[in-house]
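Below is one structure, written out as structure tokens, with a few remarks after it.
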Amino acid sequence: MYRYDEIDEALVRERVAEFREQVTARLSGELTEDQFKPLRLQNGVYLQLHAYMLRVAIPYGVLSSDQLRLLAHIARHYDRGYGHFTTRQNIQYNWPALTDIPEILDQLADVEMHAIQTSGNCIRNTTTDPYAGAHADEIADPRPWCELIRQWSTFHPEFSFLPRKFKIAVTGSPEDRAAIGVHDIGIRLVRSEAGEIGFEVHAGGGQGRTPRVAAKLADFVSQRDLLAYLTAILRVYNLAGRRDNLYKARIKILVEAMGAEAFIAAVDEEFARLKRDGALAVPSEEAQRIAAHFPAPAALEGTPPARRDLPYRRWLARNVKPHKVAGRRIVVISLKPYGGTPGDATAEQMELVADLAERHGLSEIRVTKEQNLVLPHADAGALGDIFDALEAAGLATANAGLASDIVACPGLDYCNLANARSIPVAQAISTAIQRAGLEEEAGELTIKISGCINACGHHHVANIGLLGVDKRGEETYQITLGGIADGAAAVGKILGPSLPADQAVAAVVDVVAAYLDQRRSGESFIDTLTRAGLEPFKEAVYAQ
Amino acid sequence: MKAVTANRLTDGRVVYLTADRRWTADIAGAAALEGEAADAALEAGLRDVLTVVGPYLIDIEGGAPAGAKRVREAIRLTGPTTGSTKVKTKESA
Ligand code: SF4
């Protein structure tokens, strides 16, 4: 893993000391709430329905055992014993007192963590494939490039007040697991015919009120030119992006308004200027220095223990993925027990995962945008022990990628902006699907729920999406079908009028059942939907 | 009727303004007011910048949140509903 140098450490400590003073000034009345609010937001502190919320950055979703233990400690001592892992591979605490937050940030700094750039109109935490550096299909490990982007974008003076927030995702595999098509910038590592590794760059994707799939800007940007190219995109956006209308301020609106061709021309012009200047060229020694922090794990001898018990075998088949190195496996730890809150983990669960990673997986953990945890380098020979420990802690639900592996934003149970609740609906759907016994047969299927059009629950890019809509004081849910997050990203289509919660839950089960009725051999949900259209699903939901 | 609610500055907890202009976590202690009296209470709440953040008026009836925002305000009052699944499915209904 990347280790902070003195510059990182000093920056973070200075920021914590500054925030401690700002909190004191707010409490004494020296700062008004209007003055304080932007300052607390810059430190990841939101005010939600019941309490403050602290969002802690997990750079590209990578954690060490020590870091996860500290996150557990914060949950236990400053919160209500749990934390919530988010679709942006971060963690949120829902109950910290404002007066404790400077101390929490100080403790986070002890393990090289912080809450900087988790809010505001800046470049947010870069996200990536949770299987980075581990999956067999990888062209190259994206983490060193995420780290380079982190260093370049942290406190970037030119890009601290963009028209809106800005999110970058990177994938190192041909099979995109980072949803690069729906980010402000999406980067895919590619290999040229000459064998050189570089970047295919997309921009202008996003979700929210106006979901758009990103346009491809460049087929191949060299390693040396990555930061110059990203800077060129950000500059064009920073200058031409709209600041007069919050809903039209994201880069997706600019790319659409200019047209992809004109946008690319503007980026290319700026890029040519930056290349001539040369200051942003990435020296190969620097790229190598960063890459040295991410060594390939050593091969091991073990193989997964053969056992007769069905729960273990099911888990092995569903939650354990192949690794590029012999004797290791990728283990997905589901934070989606049937009827549970998606993405929540207790302090004890976090500590257990930290211990398992330390004992059997090079002390490394990942957070996924599906709100699960991953042991990316698990010892294959220890999988039996890992399963037993996870099962005892309620962490061995064998549903990774299945219908009950539901993504849900905090919704109206916590969030100030929500129209409707997300979590109870996710809980009810997962219970109903389990009861109906449909999920094994249905196979991989994504269900995602957002409590409002900000789409933190990524409902637009779910095979089955639910969006909370306030209809004259009643919580209702609009259902969309056909969204895809990874690979050939697509935005779902609205099935019909929005439904109250109980009917929406039943409708999701009906949609899954209709898929099983309609499915031809080998078809995924998307295949069936593409062939049969929305009609049979509409019929299943609205005909009664 | 209206009541003034806000979040406490130090920890963000939900509070309501009482008749004697103190803040309480118990909605039963909230002053239920109408018209100018409600506006005056809100004004007083807004001035109390060292105790609370973002005071505003809510509708209440019989000591409970009412009106178009009643679901939101009920959740603010009693906490997240995620501990037990309150949405019933067809089968369980
Ligand atoms: S989608 Fe809306 S309700 Fe859900 S967390 Fe985001 S802002 Fe809140």
Side-chain angles (χ1 to χ4, degrees), chain A residues 23 26-29 32-33 36-37 45-53 94-100 339-341 344 408 410-414 416 418-433 435-436 470 472-475 500-510, chain B residues 2-16 23-27 42-61 64-93:
Chain A
V23 170
R26 173 64 183 97
L27 294 173
S28 71
T32 66
E33 183 60 23
F36 179 64
K37 186 175 169 185
V45 184
Y46 290 72
L47 182 56
Q48 302 228 82
L49 291 184
H50 318 280
Y52 290 95
M53 180 270 275
N94 288 312
W95 303 96
L98 178 63
T99 43
D100 285 336
T341 298
D344 273 9
L412 190 56
D413 283 295
Y414 295 97
N416 241 327
N419 287 325
R421 280 172 282 179
S422 303
I423 295 168
V425 176
Q427 292 170 322
I429 291 173
S430 105
T431 306
I433 281 180
R435 274 205 202 122
D470 179 348
R472 289 177 296 278
E474 299 299 332
E475 296 167 283
D502 56 347
Q503 290 176 32
V505 172
V508 171
V509 177
D510 291 342
Chain B
K2 305 265 186 206
V4 181
T5 185
N7 291 87
R8 197 156 56 197
L9 173 62
T10 50
D11 60 5
R13 295 299 184 273
V14 176
V15 287
Y16 304 91
W23 296 95
T24 173
D26 180 6
I27 199 169
L42 177 60
E43 283 299 316
L46 285 165
R47 279 194 299 275
D48 199 358
V49 294
L50 291 185
T51 316
V52 294
V53 181
Y56 60 97
L57 289 170
I58 57 166
D59 292 321
I60 56 166
E61 252 168 51
K69 295 280 176 202
R70 68 187 176 284
V71 178
R72 178 183 194 274
E73 290 304 325
I75 292 172
R76 280 182 79 242
L77 175 65
T78 54
T81 63
T82 58
S84 63
T85 300
K86 298 211 167 159
V87 180
K88 289 203 169 61
T89 61
K90 253 185 195 167
E91 302 112 80
S92 66

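Letters A, B, ... mirror the listed sequences (proteins, then strands); counts begin at 1. A quick note: this is a predicted structure, and the numbers were derived from the prediction, not measured.
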Can you find a heavy atom in the side chain of B:Val53 that is under 4.5 Å from one in the side chain of A:Tyr52? yes
Does any part of the side chain of A:Thr341, heavy atoms only, come nearer than 4.5 Å to the side chain of A:Gln427, both counted from C-beta? yes
Residues of residues 4-16 of chain B with a heavy atom under 4.5 Å from any heavy atom of chain A, in residue-number order, are B:Asn7, B:Arg8, B:Leu9, B:Thr10, B:Asp11, B:Gly12, B:Arg13, B:Val14
With sequence neighbours left out, what residues match B:Arg70 under salt bridge (charged side-chain N to carboxylate O under 4.0 Å, His left out)? A:Glu474
Quick one: list whatever passes salt bridge (charged side-chain N to carboxylate O under 4.0 Å, His left out) with A:Lys37, sequence neighbours left out. none
Shorter than 4.5 Å, heavy atoms on both sides: which option in A:Leu47, A:Asn419, A:Asp344 has the most such pairs with chain B? A:Leu47
Just so I understand: if I count every heavy-atom pair under 4.5 Å between each of A:Thr32, A:Asp470, A:Thr99, A:Leu412 and chain B, which residue has the most? A:Leu412
Using heavy-atom distances under 4.5 Å, tell me whether A:Pro96 contacts chain B through its side chain, its backbone, both, or neither. backbone
Of the backbone (N, CA, C, O) and the side chain (C-beta and beyond), which part of A:Tyr414 lies under 4.5 Å from a heavy atom of chain B, both, or neither? side chain
Identify, with sequence neighbours excluded, every residue that meets side-chain contact (heavy atoms from CB on, under 4.5 Å) alongside B:Ala25. none
Nearest-0.5 Å distance that lies between atom CD in A:Glu33 and atom CG in B:Leu46: 12.0 Å
Is it the case that more than 12 heavy atoms not belonging to B:Glu61 sit under 6.0 Å from its CD atom? no
Can you check whether A:Arg421's main-chain N or O pairs, donor with acceptor, with A:Glu475's side chain at less than 3.5 Å? yes
